[in-house]
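To keep things clear, I will list the structure first and then write my remarks on it.
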Amino acid sequence: MKALKAVRGMHDIQPNDTELWRFVEREIKAVLQQYGYQEMRLPLLEMTALFQRGVGENTDIVEKEMYSFLDRNGESLTLRPELTASIVRAGIEHGLFYNQIQKIWSMGALFRYERPQKGRSRQFHQCSVECFGVQSPASDAELMMICARIWSRLHVSEYLKLEINTLGSQIERQAYRMSLVDYLTPYTNDLDEDSQRRLISNPLRILDSKIPLTQDILSQAPTMQDYLGSESTAFFEQICILLDQRQIKYHINPQLVRGLDYYSHTVFEWKTEQLGSQGTVCGGGRYDGLVEQLGGKATSATGFAIGFERLLLLLEATLVKDRLLKKEEISVTLVISSPESIPYSMDLLESIRNHFPKIEVLSAWSGSLKSQIKRAYAMGSQLALMIGDQEVSGKTITIRFLKEDNKTETITKQALFELLQNQTVNHNNIESLSAD
RNA sequence: GUGGGCGUAGCUCAGUAGGUAGAGCUCAGGAUUGUGACUCCUGCGGUCGUGGGUUCAAAUCCCAUCGUCCACCCCA
């Protein structure tokens, strides 16, 4: 029989790692709430046409990376390769964009059929943040500030660099695109294979080619800036002013293009050097045309997406992870000397759980005394509750303070509860102090 | 889709003139008759990724295949 394994490129997140995931999710949500964003939860499956129209027919995502299949009724469905299209679809469907400002986030699993490598898997997770109905550049700048605040809370600011660029309006972009094609066409044979292909399908993408010869040719090419109108220029400058004012450092990268078709005006990426070639942890920009393109009325929109796997890799690579995850719960571990102690102990533990919902109450119910004690230390408990025949018959508990010189004493259940009460109070005080 | 590295115990890995598998860690039990960490002893644990081939004999050589990692590509 063939061994059952996870599908290629789809990874289990194991118990050791979920704590970090939950921590990061919690921090991101907290920041988003500060800015008035609300959560939306969406289906994993959408009609294939949504992504064809939303993401763009000649993007790599649509051309070769989608998990598409026919439903039983013959309709083509696709596992979502990104969140923005789904959010826009849902917004249109429920009339959320009708003369309203909507600030929405969503997070979850996405699917792209790609060759797995570091920072890239076939099922991965993003948090996508979108602001609809605000045409001011303040909206673009604010999104970058949200990101900066998240990095700060996660202590990774120093590892992430912001790059920004503007693609101009649709019309300006098209004019530039034509002139770029005109410029490059005579050099077609000198371009690398991929760039030759993109000359037809998506010429702007050639700008961020890594091939030296292609970059040589591009050095004399017309630039986007030559085609920006005064409005677009002012819009971009306003964003820079706002970032400067808040002392958020950025680098203007004229080669920054981004692969999805729907962007216009602002595009930005947060990159790190720590993760090898997949260093973009967060990317976003303005996509004023998307709502209309998907059948809604024209609506300004900006947004970004954070890649969870890459963010977590960064936390691990920089060892920030170890600082973030300090165990804060009060924890006690039961140690019994024989199975005869089980009924008395079970009753005690359930009683503790009733009175102290926040305390972690652990038990192995088996193994030698030695191994149970070892486990109590390993789990980080403050207290071991040791129960044997003497405790059962005397209705007492022998406690051992695992964090303070292993002091041991035998006390009544009531005394134990008072002790736990005090510990909980002290613990809460410490917590509220450190929160300031 | 293209190229390269790697798949041996739960984990990290040794095993390179082909001779039917080892270590450390972890875990369990004991030395210590009711109390972790050090030390010592014992034990659990492997169809050597999978399938073919060469050979008296394959973890080792050959082929295929799958997975993984890194890079290209692309993006988060």
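Every chain is numbered from 1, with letters handed out A, B, ... down the list of sequences.
Protein atom CG of A:L204 is 12 Å distant from nucleotide atom P of B:C75, rounded to whole Å. Atom CG of A:D12 and atom C1' of B:G67 are 14 Å apart (whole Å). Summarising the geometry, the separation between NZ on A:K64 and P on B:U2 is reported as 12 Å, rounded to the nearest angstrom. For A:M10 and B:G67, the CE to P distance is 12 Å, given to the nearest whole Å. The distance from atom CD of A:E163 to atom P of B:A76 is 14 Å, rounded to the nearest whole Å. Remark: P of B:C75 and CD1 of A:I61 are 7 Å apart, rounded to the nearest angstrom. For the pair A:R197 CZ and B:G1 P, the interatomic distance rounds to 15 Å; values are reported in whole Å. The interatomic distance linking A:R120 (CZ) with B:U68 (P) rounds to 13 Å, in whole Å.
Base pairing analysis places B:G45 opposite nothing; no Watson-Crick or G-U wobble pair with both distances below 3.5 Å involves it. Nucleotide B:A59 has no partner under the Watson-Crick or G-U criteria, as no pair reaches both atom distances under 3.5 Å. Using the Watson-Crick or G-U wobble rule with both distances under 3.5 Å, B:G67 pairs with B:C6. B:G34: no Watson-Crick or G-U partner with both key distances under 3.5 Å is found in any strand. If you check B:C11 for Watson-Crick or wobble pairing at under 3.5 angstrom, you find it paired to B:G24. Pairing for B:C72 goes to B:G1, judged as Watson-Crick or G-U wobble with the two contacts each under 3.5 Å.
Residue order along RNA chain B, read from the 5' end via each residue's closest nucleotide, puts A:D194 first among A:D194 and A:F124. Comparing A:R115 and A:T408 along RNA chain B, the residue whose closest nucleotide (by nearest heavy atom) sits nearer the 5' end is A:R115.
Side-chain nitrogen and oxygen atoms of A:Q117 include at least one within less than 4.0 Å of the OP1 or OP2 phosphate oxygen of B:A71. The shortest distance between the side-chain N/O atoms of A:K271 and the OP1/OP2 oxygens of B:C75 is not below 4.0 Å.
Note on A:E391: a base of the nucleic acid sits closer than 4.0 angstrom, heavy atoms only. Within 4.0 Å (heavy atoms only), A:G119 reaches at least one base atom of the nucleic acid. Within the 4.0 angstrom heavy-atom criterion, only backbone atoms of the sugar-phosphate kind lie near A:K118; the bases stay farther away. At the heavy-atom level, A:S371 lies under 4.0 Å from the strands shown only through sugar-phosphate atoms. A:S338 comes within 4.0 angstrom of nothing in the nucleic acid, heavy atoms only. The residue A:G9 sits close only to the backbone: its heavy atoms come under 4.0 Å of sugar-phosphate atoms, none of a base.
In summary, A:E27 and A:R153 engage in a salt bridge, as defined by a charged side-chain N under 4.0 Å from a carboxylate O. Between A:K413 and A:E418 no salt bridge is recorded (no basic side-chain N to carboxylate O distance below 4.0 Å).
A distance of about 15 Å separates the C1' atoms of B:G24 and B:U8, rounded to the whole Å. For the C1' atoms, the distance linking B:C73 with B:G15 amounts to 39 Å, nearest Å. Rounded to the nearest Å, the gap between the C1' atom of B:A9 and that of B:A23 is 11 Å. The gap from the C1' atom of B:U2 to that of B:U60 amounts to 30 Å, rounded to the nearest Å. A gap of 30 Å separates the P atoms of B:G45 and B:A57, to the nearest Å. Separation of the P atoms belonging to B:A58 and B:C48 is 12 Å when rounded to the nearest angstrom. As rounded to the nearest Å, B:U16 and B:G22 have P atoms that lie 14 Å from one another. The separation of B:C13 from B:C75, taken at their C1' atoms, amounts to 35 Å, rounded to a whole angstrom.
The side chain of A:T280 sits closest to B:A76 out of B:U35, B:A76, B:G67. The nucleotide whose nearest atom lies closest to any side-chain atom of A:R205 is, among B:C75, B:G34, B:C66, B:C75.
Taking the six-membered ring for Trp, A:F356 and A:F417 have ring centres closer than 6.0 Å. For A:F236 and A:H265, the ring centers are positioned 6.0 Å apart or more.
Residue-environment remark: CD (A:E316) exceeds the threshold of 12 foreign heavy atoms within 6.0 Å. Environment of CD in A:Q38: sparse, with no more than 12 heavy atoms of neighbouring residues, nucleotides or ligands closer than 6.0 Å. The neighbour count for A:M10 CE, taken as heavy atoms of other residues, nucleotides or ligands under 6.0 Å away, is above 12.
Interface remark: the A:R310 side chain does form a donor-acceptor pair with the B:C75 base, using a distance-only criterion of under 3.5 Å. One donor-acceptor pair, N or O on each side, does fall under 3.5 Å between the base of B:G34 and the side chain of A:Q390. Side-chain atoms of A:R8 stay outside donor-acceptor range of the base of B:U68, with no qualifying N/O pair under 3.5 Å. In the interface, the side chain of A:R400 is not paired with the base of B:G34 through any donor and acceptor atom under 3.5 Å apart. A donor and an acceptor atom never sit less than 3.5 Å apart when one is taken from the side chain of A:Q278 and the other from the base of B:C70. Within 3.5 Å, a donor on the side chain of A:N406 pairs with an acceptor on the base of B:G36, or the reverse.
With A:V361 as reference, A:L349 is the one residue of A:L385, A:L334, A:I330, A:L349 to meet the side chain to side chain contact (heavy atoms under 4.5 Å, CB included) rule.
Using cut-offs of 30° and 60° for the angle between ring planes, the A:Y176 and A:Y227 rings count as tilted.
Here A:Y377 does not pack flat against the base of B:A37, since the 5.5 angstrom centre distance and 30 degree tilt limits are not both met.
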